[in-house]
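The next block holds one structure in the form of structure tokens; read it before the comments.
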Amino acid sequence: MIQIPRGTYDVLPEDAFKWQKIEAAAREICARFNYKELRTPLFESTALFQRGVGDTTDIVQKEMYSFKDRGGRELTLRPEGTASIVRAYVENKLYGDPNQPQKLYYIGPMFRYERPQAGRNRQFTQFGCEALGSADPSIDAEVISLAMTFYQTLGLKKLKLVLNSLGDPESRKAHRDALIAHFKPSIGEFCDDCQQRLEKNPLRILDCKADHNHPLMATAPSIIDYLNDASRDYFNKVKAILDEMGIDYELDPTLVRGLDYYNHTTFEIMGASQGAITTLMGGGRYNGLVSELGGPETPGIGFALSIERLLLALEVEGISLNSDPALDGFVVAIGEAAEQKTPVLLNRLRLAGLTADKDYIGRKVKGQFKQADRDKAKFVVVIGDEELEQEKAVVKNMADGSQEAVAFKDLTDYLKEKI
RNA sequence: GCGGUUAUGGUGAAGUGGUUAACACACCGGAUUGUGGUUCCGGCAUGCGUGGGUUCGAUCCCCACUAACCGCCCCA
């Protein structure tokens with residue numbers, strides 16, 4: 001048997017309605033916040049992600065699904081959405097559109113070659129928003145509020161917003177240098193991973209679990225102390241707006257996002273989860289990215305969240321998105337003559353706008369009723385020899401068990417009135 | 001990429017180196033020659049993830065592969 005590729009999964013009909021609800025909620029909330037959908041291809045030039053996401057990131061170094069097409073082009077299945085959105089923004093010259101900032105969203109599959117786990121797949125689905133063209137702190141708060149509103153609309157309660165600022169590039173560099181200076185003399189006392197991190201990403205040392213208790217951890221320089229005046233001022237404004245909006249957050253100076261393009265505000269929303277993976281959403285500001293990808297100097301901010309992890313969180317919190325799809329009618333045929341007639345009657349019900357079905361696998365009468373019951377049919381239309389002769393069907397109300405005879409020609413009107 | 005656990009029907013699962021692989025749910029049929037949700041009865045894995053090996057014989061022992069889950073790394 002040919003199996004589904006590792007790290008992918010099928011969304012079966014019983015789950016697909018949940019996806020529909022979630023996507024509908026996302027679109028509805030984006031409309032409220034005035035974000036417009038932008039659809040980009042599932043694959044892009046590999047160079048886009050190398051430049052956009054960053055050559056040193058894990059995503060680019062070991063997680064990309066890259067391939068060469070028949071024309072020799074180097075392509076990659078998108079591992080995230082922001083680079084594509086920015087590419088489209090630049091390529092379509094959306095910076096010239098009078099509507100600024102451009103407030104955009106996307107929903108779709110992303111691909112990363114990783115070891116699968118609950119909440120981590122090789123093909124997964126992200127809903128993300130990006131606001132390009134504004135460096136106003138209110139847009140930082142807006143994007144965060146949008147994500148929180150989305151989760152709350154779906155019923156999630158156990159949410160924790162974590163906030164940090166990486167500052168502008170100048171602040172970032174000053175802090176990085178300070179961290180390296182702080183840890184370097186004693187780096188031999190740290191785990192292998194941290195020794196690797198020292199040059200690559202010293203900020204990561206701070207949330208190492210193995211070295212959690214090392215005395216140098218507590219005294220490590222905090223990014224907050226290295227923000228220059230402009231960066232600090234910006235961050236304070238973002239926090240002030242969130243405060244006034246009544247959005248709770250926790251400051252975490254160790255919150256560092258994995259992609260190279262982030263600066264200033266970074267944030268995550270953590271949720272309830274069974275396993276080690278609790279990050280539901282991640283995002284931040286990326287003021288240098290548009291120019292890095294060939295556009296004009298343009299500020300940007302955005303977030304991405306995983307539908308898969310959202311579904312897990314909903315499950316952990318015991319929230320059901322179950323809908324209760326019910327059929328209006330189910331047509332039961334008794335005997336061969338009736339079996340000839342039922343498709344026509346059934347079709348008539350459907351054309352009239354009713355949801356209806358019948359048996360297709362030769363079940364006995366009892367079996368047909370059981371199927372009607374499974375489909376939660378409100379009415380069963382029974383047709384046998386006698387009914388054919390009189391051109392009347394026996395219509396049974398499944399809720400109370402009552403039945404009455406209804407002429408074939410009156411059937412749709414009868415059902416539409418009763419439903 | 002590294003480490004650990006696991007893999008029996010549509011589902012949840014029991015089980016043993018040797019003739020018929022428990023049980024429950026679901027499903028189909030019968031009791032009720034044309035009526036569901038209750039009850040009773042019957043049926044339902046030529047097969048125990050895939051491929052090798054050991055053995056007279058393997059679902060059960062060994063190896064490899066594949067996949068799922070958990071942890072690390074990292075992230076959504």
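Just so we're on the same page: letters track the sequence lines, and every chain starts at 1. On a predicted model such as this, the values are computed, not experimentally measured, just so you know.
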Please produce a list of atom pairs where a protein N or O lies less than 3.5 Å from an N or O of nucleotides 10-12 of chain B.
none

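- Going from atom CD of Glu114(A) over to atom P of C72(B) covers 14 Å, rounded to whole Å.
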Base-pair string, RNA chain B, Watson-Crick plus G-U, cut-off 3.5 Å on both distances, | for inter-strand, is (((((((..(((.....[....))).(((((.......))))).....(((((..]....))))))))))))....
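- Going from atom CD of Gln123(A) over to atom P of A67(B) covers 16 Å, rounded to whole Å.
- Here the options are Thr266(A), Thr265(A), Asp140(A), the test is side chain to side chain donor-acceptor pair (under 3.5 Å), and the partner is Arg285(A); only Asp140(A) passes.
- Evaluation of atom-type donor-acceptor distances gives no pair under 3.5 Å for the side chain of Arg6(A) against the base of A68(B).
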Evaluate Arg27(A) against Ile107(A) for side-chain contact (heavy atoms from CB on, under 4.5 Å), listing each step before the verdict.
CA-CA 9 Å; Arg27(A) 292 178 197 286; Ile107(A) 303 175; 4.0 Å; yes
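- Contacts classified as side-chain hydrogen bond (donor to acceptor under 3.5 Å, both in side chains) and involving residues 169-178 of chain A (residues at least two apart or in different chains) are given here: Asp168(A)-Ser171(A), Glu170(A)-Asn228(A), Ser171(A)-Asn228(A), Ser171(A)-Ser231(A), Lys173(A)-Asp177(A).
- Distances from the side chain of Arg115(A) to the nucleotides G3(B), A68(B), A76(B) place G3(B) closest.
- Judged by atom type and distance alone, Gln368(A) does not reach the base of G34(B) through any side-chain donor-acceptor pair under 3.5 Å.
- Residue Arg363(A) is classed as a sugar-phosphate contact, given heavy-atom separations below 4.0 Å to backbone atoms only.
- In this structure, the side chain of Arg51(A) engages the main chain of Glu292(A) through a donor-acceptor pair within 3.5 Å.
- Glycosidic conformation, G47(B): syn, with the torsion inside 90° of 0.
- With sequence neighbours excluded, the residues that form a ring pair (Phe, Tyr, Trp, His ring centres under 6.0 Å) with Phe303(A) are Phe127(A).
- Residues of residues 140-168 of chain A that place a heavy atom closer than 4.0 Å to RNA chain B do not occur.
- Considering only side-chain atoms of Pro116(A), the nucleotide from G34(B), A68(B), A76(B) that sits closest is A68(B).
- The base of C74(B) sits within donor-acceptor range of the side chain of Arg120(A), with an N or O pair under 3.5 Å.
- Salt-bridge check for Glu339(A) with Lys341(A): failed, with every basic side-chain N at 4.0 Å or more from each acidic carboxylate O.
- For Ile334(A), whose side chain is taken as the heavy atoms from C-beta onward, the closest listed nucleotide among G29(B), G34(B), C74(B) is G34(B).
- Residue-level contact check: Arg374(A) touches the backbone only, with heavy atoms under 4.0 Å from sugar-phosphate atoms and none from bases.
- Leu280(A) comes within 4.0 angstrom of sugar-phosphate atoms only, judged by non-hydrogen atoms across all strands, and of no base.
- Of all the heavy atoms in Glu317(A) and Lys157(A), the pair that sits closest is OE1-N, 2.9 Å.
- Within the 4.0 angstrom heavy-atom criterion, no nucleotide atom of any strand lies near Glu80(A).
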- request: Tell me, with the steps shown, if Phe267(A) and Val162(A) meet side-chain contact (heavy atoms from CB on, under 4.5 Å).
  value: CA-CA 5 Å; Phe267(A) 48 88; Val162(A) 183; over 6 Å; no
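- Backbone-only contact: Gly7(A) has heavy atoms under 4.0 Å from sugar-phosphate atoms and none from a base.
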Under 3.5 Å, N/O pairs linking protein and nucleotides 50-52 of chain B:
none

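- Nucleic acid contact for Gly119(A): base, since at least one base atom lies under 4.0 Å from a heavy atom of the residue.
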Could you please spell out the steps behind the side-chain hydrogen bond (donor to acceptor under 3.5 Å, both in side chains) verdict for Ser45(A) and Glu74(A)?
CA-CA 6 Å; Ser45(A) 291; Glu74(A) 296 285 355; over 6 Å; no
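- Side-chain rings of His264(A) and Tyr234(A) approach one another, their centers coming within less than 6.0 Å.
- Note that the CE atom of Met245(A) and the CE atom of Met148(A) stand 11.5 Å from one another [nearest 0.5 Å].
- Each of Asn121(A), Thr76(A), Leu77(A), Thr8(A) was evaluated against Phe111(A); a single residue qualifies, Leu77(A), per the side-chain contact (heavy atoms from CB on, under 4.5 Å) test.
- Using a 4.0 Å heavy-atom criterion, one finds that Ala372(A) contacts no nucleic acid atom at all.
- In this view, Phe183(A) and Phe190(A) satisfy the ring pair (Phe, Tyr, Trp, His ring centres under 6.0 Å) rule, not counting sequence neighbours.
- Checked against ring pair (Phe, Tyr, Trp, His ring centres under 6.0 Å), Phe17(A) has no partners two or more places apart in sequence or in another chain.
- Applying a 4.0 Å cut-off to non-hydrogen atoms, none of the residues of residues 338-349 of chain A approaches RNA chain B.
- The distance from atom CZ of Arg122(A) to atom C1' of A68(B) is 12 Å, rounded to the nearest whole Å.
- The ring-ring contact (aromatic ring centres under 6.0 Å, His included) analysis of residues 24-67 of chain A, with sequence neighbours excluded, yields the pairs Tyr65(A)-Tyr113(A).
- For the pair Thr355(A) and Ala326(A), the tightest heavy-atom approach, listed with the atom from each and the gap, is OG1-O, 3.6 Å.
- Partners of Phe379(A) under the ring pair (Phe, Tyr, Trp, His ring centres under 6.0 Å) rule, at least two apart in sequence or in another chain, do not exist in this structure.
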Sub-3.5 Å pairs of nitrogen or oxygen atoms, protein against nucleotides 36-39 of chain B:
| unit_1 | atom_1 | unit_2 | atom_2 | d |
| --- | --- | --- | --- | --- |
| G36(B) | O2' | Asp373(A) | OD2 | 3.3 |
| G36(B) | N7 | Lys396(A) | NZ | 3.1 |
| G36(B) | N1 | Met398(A) | O | 2.5 |
| G36(B) | N2 | Asp373(A) | OD1 | 3.0 |
| G36(B) | N2 | Met398(A) | O | 3.0 |
| G36(B) | N3 | Asp373(A) | OD1 | 3.1 |
| G37(B) | O4' | Asp373(A) | OD2 | 3.2 |

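- A donor-acceptor pair under 3.5 Å is formed between the side chain of Asn263(A) and the backbone N or O of Asn287(A).
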